[in-house]
Amino acid sequence: MHKVKRAIIMAAGFGSRMQPLSLETPKPLIKVNGHRMIETVIEGLHKNGIKEIYVVTGYLKEKFSYLTKEYSQLQLIENLYFEIANNISSLYVARNVLDTDVMILDGDQLIQDPTILRAEFEHSGYSCSKVMNGTDEWLLQLDDKSRILSCSRDGGQQGWRLYSISRWTATDAKLLRNQVEFEFQQNQHADFYWDDLPMFRYFSQYQLFGHKIDANALREIDSIQELIAIDSTYQGVIDEK
């Protein structure tokens, strides 16, 4: 059994689909029913004993500085490439902490059940939930032991929806670090998602598993409309804009 020693939270992006709110507030810092999304992530990690946390910032980076005062073991890592590169750049700037059992996850999601961030795990892999009626999100196919057999970027009718929460053994984390360095630095593939590397480009070099969760355990809010559906107080703000 492995145990997560640290977490890397991705929080560098623009959040363009959350405009106009994201013009002044980075998406992970937007409040949903009174709680900043990234704080539900951090507090969920703390409840599972994971307190060594690295937050990768970029857009409006200064807005995140308060986190280091509220959470003593939290550090910020600046992504200088966020304006010109995809999120592979965020893992690239955090690559030096990819040397132990680690969790990687996005900061712009609402954690509703902290148990999905448990520290203990057996195999590297991604959190996922059952899909029966179709999705356009990345969709996994698993075998009867939950090993990931394939992933579709375009979704599909049945399978397991992939979420941003992933866990990596120290061995796989170091392998991922080397691949990120090679692809971003040597091959200059700034347009990649970092997940492209283990899920597609180097899939055969890993044995990845699906960590099954309930779809209601978290909420990914990708647009203003989805935000309003959860927190109706924003309707007036948007109407004014």
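One-based numbering along the sequence shown.
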Do the side chains of [X] and [Y] join up, straight or via other hydrophobic residues, at under 4.5 Å, putting them in one cluster?
| X | Y | result |
| --- | --- | --- |
| I42 | Y66 | yes |
| V4 | L176 | no |
| Y193 | Y202 | yes |
| L91 | V93 | yes |
| V97 | V55 | no |

Output side-chain donor-acceptor pairs under 3.5 Å for residues 160-170, partner residues at least two apart or in another chain, one line each.
residue	atom	partner	partner atom	Å
R161	NH2	E220	OE1	2.6
Y163	OH	S129	OG	2.9
S164	OG	D106	N	3.1
S164	OG	Q109	NE2	3.0
S166	OG	I104	O	3.3
S166	OG	W168	NE1	2.8
R167	NE	R118	O	3.1
R167	NH2	I116	O	2.7
R167	NH2	R118	O	3.1
T169	OG1	D172	N	3.2

Would you check if [X] and [Y] make a side-chain contact, meaning some heavy-atom pair closer than 4.5 Å?
| X | Y | value |
| --- | --- | --- |
| I8 | V56 | yes |
| L60 | E24 | no |
| T57 | N79 | no |
| L218 | T40 | no |
| L117 | L105 | yes |
| N216 | D113 | no |
| Y234 | L21 | yes |
| M103 | I50 | yes |

Is there a side-chain contact (heavy atoms from CB on, under 4.5 Å) between M37 and I221 once you walk through the steps? CA-CA 9 Å; M37 286 189 274; I221 303 170; 4.1 Å; yes
Salt-bridge test for [X] and [Y]: reply yes if a basic N is under 4.0 Å from a carboxylate O, no otherwise.
| X | Y | result |
| --- | --- | --- |
| D101 | K5 | yes |
| D108 | K27 | yes |
| E183 | R201 | yes |

Of all heavy-atom pairs between [X] and [Y], which one has the smallest distance, and what is that distance?
| X | Y | result |
| --- | --- | --- |
| D222 | R17 | O-CB, 3.2 Å |
| L76 | S65 | CD1-CA, 3.9 Å |
| R177 | D99 | NH1-CB, 3.8 Å |
| G159 | Q141 | CA-NE2, 3.8 Å |
| G155 | S152 | O-OG, 3.0 Å |
| Q158 | L139 | O-CD2, 3.3 Å |

Side-chain donor/acceptor of [X] to backbone N/O of [Y], under 3.5 Å:
| X | Y | answer |
| --- | --- | --- |
| N86 | I88 | no |
| S22 | G15 | yes |
| D143 | K145 | yes |
| Y59 | L23 | yes |

Using the rule given for side chain to side chain donor-acceptor pair (under 3.5 Å), can you reason through E43 versus Y71, listing the C-alpha separation, both sets of side-chain angles and the distance that settles it, and then say yes or no? CA-CA 9 Å; E43 289 165 11; Y71 304 99; 3.2 Å; yes
Can you measure from [atom1] ([X]) to [atom2] ([Y]) and round to the nearest 0.5 angstrom?
| X | Y | atom1 | atom2 | value |
| --- | --- | --- | --- | --- |
| L197 | F182 | CG | CZ | 11.0 Å |
| L80 | K61 | CG | NZ | 8.0 Å |
| Y81 | N87 | OH | CG | 15.0 Å |
| H35 | I30 | NE2 | CD1 | 15.5 Å |
| S89 | M10 | OG | CE | 8.5 Å |
| L98 | Y54 | CG | OH | 10.5 Å |

Only one of Q73, Q75, H46, R6 clears side chain to side chain contact (heavy atoms under 4.5 Å, CB included) with I53; which? H46
Only residue of L208, V180, I148 satisfying side chain to side chain contact (heavy atoms under 4.5 Å, CB included) with P198 is L208
Taken in chain and number order and not counting sequence neighbours, the residues that satisfy ring-ring contact (aromatic ring centres under 6.0 Å, His included) with H189 are F192
What do you reckon, is [atom1] of [X] surrounded by more than 12 foreign heavy atoms closer than 6.0 Å?
| X | atom1 | result |
| --- | --- | --- |
| K51 | NZ | no |
| K212 | NZ | yes |
| Q207 | CD | no |

Evaluate side-chain contact (heavy atoms from CB on, under 4.5 Å) for M199 paired with L140, printing each intermediate quantity in order. CA-CA 10 Å; M199 292 307 302; L140 304 175; 3.6 Å; yes
Give every residue pair that meets the ring-ring contact (aromatic ring centres under 6.0 Å, His included) criterion with at least one member in residues 127-156, sequence neighbours excluded. W138-F200
With a 3.5 Å cut-off and no angle check, do the side chains of D231 and T233 form a donor-acceptor pair? yes
Give the intermediate values and the outcome of side-chain contact (heavy atoms from CB on, under 4.5 Å) for residues F82 and F14. CA-CA 8 Å; F82 79 94; F14 289 104; 3.8 Å; yes
Walk me through whether Y92 and E181 qualify under side chain to side chain donor-acceptor pair (under 3.5 Å). CA-CA 6 Å; Y92 175 76; E181 282 186 343; over 6 Å; no
Can you confirm whether or not the ring centre of F209 sits under 6.0 Å from the ring centre of F121? no
Output, in order, the C-alpha distance, side-chain angles, deciding distance and verdict of side-chain contact (heavy atoms from CB on, under 4.5 Å) for L67 and I38. CA-CA 10 Å; L67 291 174; I38 197 170; 4.3 Å; yes
